[in-house]
Peer 1: 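I have a structure I would like to understand better, so I am pasting it below and will then ask my questions one at a time.
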There are 2 protein chains.
Amino acid sequence: MTPRQNRNRDRADRGIPEATVARLPVYLRALHGLQDRGVATVSSEELATAAGVNSAKLRKDLSHLGSYGTRGVGYEVEYLVYQISRELGLTQDWVVAIIGVGNLGRALAGYGGFASRGFRVAGLLDADDAIVGEEISGMAVEHIDRLEEVIAERSVSIAVIATPAGAAQGVCDRVVAAGVTSVLNFAPVVLSVPDGVDVRKVDLSIELQILAFHEQRKAGGPDGYGDGPPGPAHYVEAVDA
Amino acid sequence: MTPRQNRNRDRADRGIPEATVARLPVYLRALHGLQDRGVATVSSEELATAAGVNSAKLRKDLSHLGSYGTRGVGYEVEYLVYQISRELGLTQDWVVAIIGVGNLGRALAGYGGFASRGFRVAGLLDADDAIVGEEISGMAVEHIDRLEEVIAERSVSIAVIATPAGAAQGVCDRVVAAGVTSVLNFAPVVLSVPDGVDVRKVDLSIELQILAFHEQRKAGGPDGYGDGPPGPAHYVEAVDA
DNA sequence: GTGACTTTGTGCGCGTATTCACAAGGGTTA
DNA sequence: TAACCCTTGTGAATACGCGCACAAAGTCAC
Ligand SMILES: NC(=O)c1ccc[n+]([C@@H]2O[C@H](COP(=O)([O-])OP(=O)(O)OC[C@H]3O[C@@H](n4cnc5c(N)ncnc54)[C@H](O)[C@@H]3O)[C@@H](O)[C@H]2O)c1
Ligand SMILES: NC(=O)c1ccc[n+]([C@@H]2O[C@H](COP(=O)([O-])OP(=O)(O)OC[C@H]3O[C@@H](n4cnc5c(N)ncnc54)[C@H](O)[C@@H]3O)[C@@H](O)[C@H]2O)c1
């Protein structure tokens, strides 16, 4: 009603639900797809379908950033892209270092999906002298001893850990000590970090196990095979008697 | 109280919360670590710490599988490993096919963490003739044209999609048509599948964007920089007037 | 055998997330 | 200008997950 429309970010302030934050990148991706197809305006229904969510959820998510839609019309794609990008912090570049340049590390190093979202890989570090010096995707692998220097000199703000599990906590402690407060961990270990540091993990093995659980259910469930657990003798008490 | 202890899986039947299922693999990993160190018994407190969760949550999670602890003592590591493995369906092997053998696909192909959990990679498929025939980790890459045969002949039950985004939905449709009901997707697209098919996605870019969001918050939030959006002219209405 | 001690299993209250359903708001057309 | 249509933004209801706190249940020492 007020002629002077309230400034941007109306209720955006603090407190966007974590579940919403996790979906914003999905909306953003869908919006980029619409942009590429030259679509200028999109309804919550269409965008929700493209993002694979319920349209009410989409609207509520977007409402957390402010009132950026037009009733009766929908959302302006370009504007929404900008607002979500800003909210996620993608209007600036983020400097990433990848630690552990093995099978996975080098796949990550060459991945184009990083740069296109404003994540700039500024360092590849490894402990193996046979790998140090090697050039991967136009960048030389450096020795892990230089970790602290690299982080400080290049203002690394996100560390990607792709070392074996045993080395991950040690590496994590070092990057945190060096001032990094965001870590993406691929090693199958629970990293412990001080308050104020965010860790996100990607664990393939866990994903497969979750799939296996559901797959088993579809196939008839764990009740499907009649014989009890083939465990050691002292477990029989739990079976019957 | 009943002398005849109720059969295994007391309330295990149907209905283990999804959140619990997602944590069981973490507990399992922690338990394997304890096994390697020769620990025979563990309390919920210890295991919870190792798994990075609250001990009450751990106990409640385990209670969904049945009453497998001993009050005053804790849980027998070996027995718990077996029960969780059984619940997750890891007492049998699962046959996996990896589709798209690029940077990421070949990292996955050589990953030892699969086999150690009972996931057997039985096929590597790609559309690029330059890659087909190549041997990776002791397995020859096959042409995507043979997808349906491979799935049928080797009883593939889990498909891992590591193709470019544009090809993912097409590949997904084919594996689903071929009878696969579990898909792990690395391509940055929302896959649409019929009911009864489970899709889990791993999206690095999303993880980084979530980290960026929190990183930005720590640095002072989106209110940190005073100038309004540098957007096109027709957005100024939303800025002020 | 008994009592003290330890740890499980869970009832309960709380906060968060999801979904429905609709009034309010803006565009559009005659 | 006015009536109509479409879509947003959100109140309210529901479902879900989390963690505290404690009684029940078992062990262990003596
Ligand atoms: N390859 C996959 O597909 C895959 C999948 C899921 C999880 N992972 C996990 O990702 C991690 C890396 O996997 P990978 O297959 O690339 O392993 P890898 O053995 O090929 O590579 C690990 C690299 O880390 C380096 N490294 C070891 N200790 C280090 C240290 N202290 N500092 C710096 N670098 C160090 C090694 O020299 C090696 O180059 C592992 O924890 C693995 O469990 C891998
Ligand atoms: N590399 C990474 O670190 C990384 C990280 C996150 C996500 N991803 C995603 O994973 C996917 C694969 O990434 P990548 O870096 O390995 O890409 P890539 O280009 O190196 O490999 C893709 C492979 O898929 C094959 N392919 C293309 N169309 C196919 C089809 N219809 N059927 C079968 N195979 C086909 C190509 O021949 C190629 O070998 C992409 O969607 C990418 O966005 C990759």
Side-chain angles (χ1 to χ4, degrees), chain A residues 1-3 5-6 8-12 14-24 26-27 39-77 79-80 83-84 210 234 237-238, chain B residues 1-3 5-6 8-12 14-24 26-27 39-77 79-80 83-84 210 234 237-238:
Chain A
M1 268 315 168
T2 46
Q5 176 147 0
N6 33 29
N8 271 337
R9 73 198 83 86
D10 198 356
R11 64 196 63 76
R14 306 285 165 249
I16 293 183
E18 194 56 34
T20 295
V21 173
R23 283 186 295 264
L24 290 179
V26 180
Y27 303 154
V39 177
T41 286
V42 67
S43 72
S44 64
E45 199 68 51
E46 294 166 317
L47 184 53
T49 301
V53 302
N54 179 298
S55 71
K57 179 150 63 180
L58 171 76
R59 287 197 298 276
K60 188 155 286 188
D61 281 343
L62 294 183
S63 79
H64 286 117
L65 321 190
S67 233
Y68 296 141
T70 305
R71 293 174 191 230
V73 176
Y75 301 87
E76 194 173 343
V77 174
Y79 188 46
L80 203 48
Q83 290 299 343
I84 295 178
I210 295 172
H234 54 290
E237 53 156 3
Chain B
M1 269 316 168
T2 46
Q5 176 146 0
N6 34 30
N8 270 337
R9 74 198 84 86
D10 197 355
R11 63 197 63 76
R14 306 285 164 248
I16 293 183
E18 195 54 35
T20 295
V21 173
R23 282 187 295 266
L24 290 179
V26 180
Y27 303 154
V39 177
T41 286
V42 67
S43 72
S44 65
E45 198 68 51
E46 293 166 318
L47 184 53
T49 300
V53 302
N54 178 296
S55 72
K57 180 152 62 181
L58 171 76
R59 287 196 299 276
K60 189 159 292 187
D61 282 342
L62 294 183
S63 78
H64 285 116
L65 320 191
S67 235
Y68 296 142
T70 305
R71 295 173 190 232
V73 177
Y75 300 87
E76 193 174 344
V77 174
Y79 186 47
L80 202 49
Q83 290 298 344
I84 294 178
I210 295 172
H234 53 290
E237 52 157 2

Peer 1: Send over the distance from B:Tyr68 OH to C:dT7 C1', rounded to a whole Å.
Peer 2: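 My rounded result for the distance is 19 Å.
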Peer 1: Quick one, which residues of residues 46-53 of chain A touch DNA chain D with a heavy atom under 4.0 Å?
Peer 2: none
Peer 1: So do the side chains of B:Leu65 and B:Leu24 get within less than 4.5 Å of each other, counting heavy atoms only?
Peer 2: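 They are in side-chain contact.
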Peer 1: In whole angstrom, give the distance that lies between atom CG of B:Leu65 and atom P of C:dT8.
Peer 2: 15 Å
Peer 1: Can you identify which nucleotide, out of C:dT10, C:dG27, C:dT8, has its nearest atom closest to the B:Ser63 side chain?
Peer 2: C:dT10
Peer 1: Output yes when at least one side-chain N/O atom of B:Arg71 is less than 4.0 Å from OP1 or OP2 of C:dT10, else no.
Peer 2: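 Checking B:Arg71 against C:dT10: no side-chain N or O falls below 4.0 Å of OP1 or OP2.
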Peer 1: Find the distance between CG (A:Leu62) and CD (A:Gln83) and round it off to the nearest 0.5 Å.
Peer 2: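 The CD atom of A:Gln83 is 10.5 Å from CG of A:Leu62, to the nearest 0.5 Å.
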Peer 1: For the helix from C:dG1-D:dC30 to C:dA30-D:dT1, how many degrees between its two end axes (five pairs per end), to the nearest 10°?
Peer 2: 10°
Peer 1: Starting at the 5' end of DNA chain C and moving along, which residue's nearest nucleotide shows up first, A:Thr20 or A:Gly72?
Peer 2: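 So the residue in question is A:Thr20.
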Peer 1: Is there a side-chain contact between A:Ser67 and the phosphate of D:dG9, meaning an N or O under 4.0 Å from OP1 or OP2?
Peer 2: yes
Peer 1: Would you compute the distance between atom CG of B:Asn54 and atom CD of B:Glu45 and round it to the nearest 0.5 angstrom?
Peer 2: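 Result: 8.0 Å between the selected atoms.
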Peer 1: Taking atom OG of B:Ser43 and atom CZ of B:Arg59, what is their separation to the nearest 0.5 Å?
Peer 2: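 One gets 9.0 Å once the value is rounded to the nearest 0.5 Å.
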Peer 1: Whole angstroms only, please: what is the CG-P distance between A:Leu58 and C:dT18?
Peer 2: 12 Å
Peer 1: Calculate the interatomic distance between B:Arg23 atom CZ and D:dG19 atom C1'; express it in whole Å.
Peer 2: 11 Å
Peer 1: Which one, D:dT27, D:dA24, D:dG19, comes nearest to the side chain of B:Lys57?
Peer 2: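 Nucleotide nearest to B:Lys57's side chain: D:dG19.
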Peer 1: Given atom CD of A:Glu76 and atom C1' of C:dG27, what is their separation to the nearest angstrom?
Peer 2: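 My rounded result for the distance is 15 Å.
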Peer 1: Output yes when at least one side-chain N/O atom of B:Ser44 is less than 4.0 Å from OP1 or OP2 of C:dT7, else no.
Peer 2: no
Peer 1: In whole angstrom, give the distance that lies between atom CG of B:Leu62 and atom P of C:dG9.
Peer 2: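 That distance rounds to 8 Å.
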Peer 1: Among A:Tyr75, A:Tyr79, A:Tyr27, find the one that has a ring pair (Phe, Tyr, Trp, His ring centres under 6.0 Å) with A:Tyr68.
Peer 2: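 Between A:Tyr68 and the candidates, ring pair (Phe, Tyr, Trp, His ring centres under 6.0 Å) is satisfied uniquely by A:Tyr79.
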Peer 1: How close or far is atom C1' of C:dC5 from atom CD of B:Glu45, stated in whole angstroms?
Peer 2: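 The answer, rounded to whole Å, is 16 Å.
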Peer 1: Could you state the CG-C1' distance from A:Asn54 to D:dT10, rounded to the nearest angstrom?
Peer 2: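 From A:Asn54 CG to D:dT10 C1': 14 Å.
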Peer 1: Between A:Leu80, A:Val73, A:Val77, which is the residue that forms a side-chain contact (heavy atoms from CB on, under 4.5 Å) with A:Thr41?
Peer 2: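 By the side-chain contact (heavy atoms from CB on, under 4.5 Å) criterion, A:Thr41 pairs with just one of A:Leu80, A:Val73, A:Val77: A:Val73.
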Peer 1: Does D:dG9 have OP1 or OP2 sitting under 4.0 Å from an N or O in the side chain of A:Tyr75?
Peer 2: yes
Peer 1: Show your reasoning for whether side-chain contact (heavy atoms from CB on, under 4.5 Å) applies to B:Arg23 and B:Leu58.
Peer 2: CA-CA 9 Å; B:Arg23 282 187 295 266; B:Leu58 171 76; over 6 Å; no
Peer 1: Looking at every heavy atom in both B:Ser55 and B:Ala48, which two are closest together, and how far apart are they?
Peer 2: CA-CB, 3.5 Å
Peer 1: Of all the heavy-atom pairs spanning A:Thr20 and A:His64, show the shortest one and how long it is.
Peer 2: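 The pair with the smallest heavy-atom distance is OG1-ND1, 3.8 Å.
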Peer 1: With a cut-off of less than 4.0 Å, is there a side-chain N or O of B:Arg59 near OP1 or OP2 of D:dC20?
Peer 2: no
Peer 1: Classify every nucleotide of nucleotides 11-16 of chain C by which part a protein heavy atom approaches to under 4.0 Å, writing B for the base, S for the sugar-phosphate alone and - for neither, in 5'-to-3' order.
Peer 2: BB----
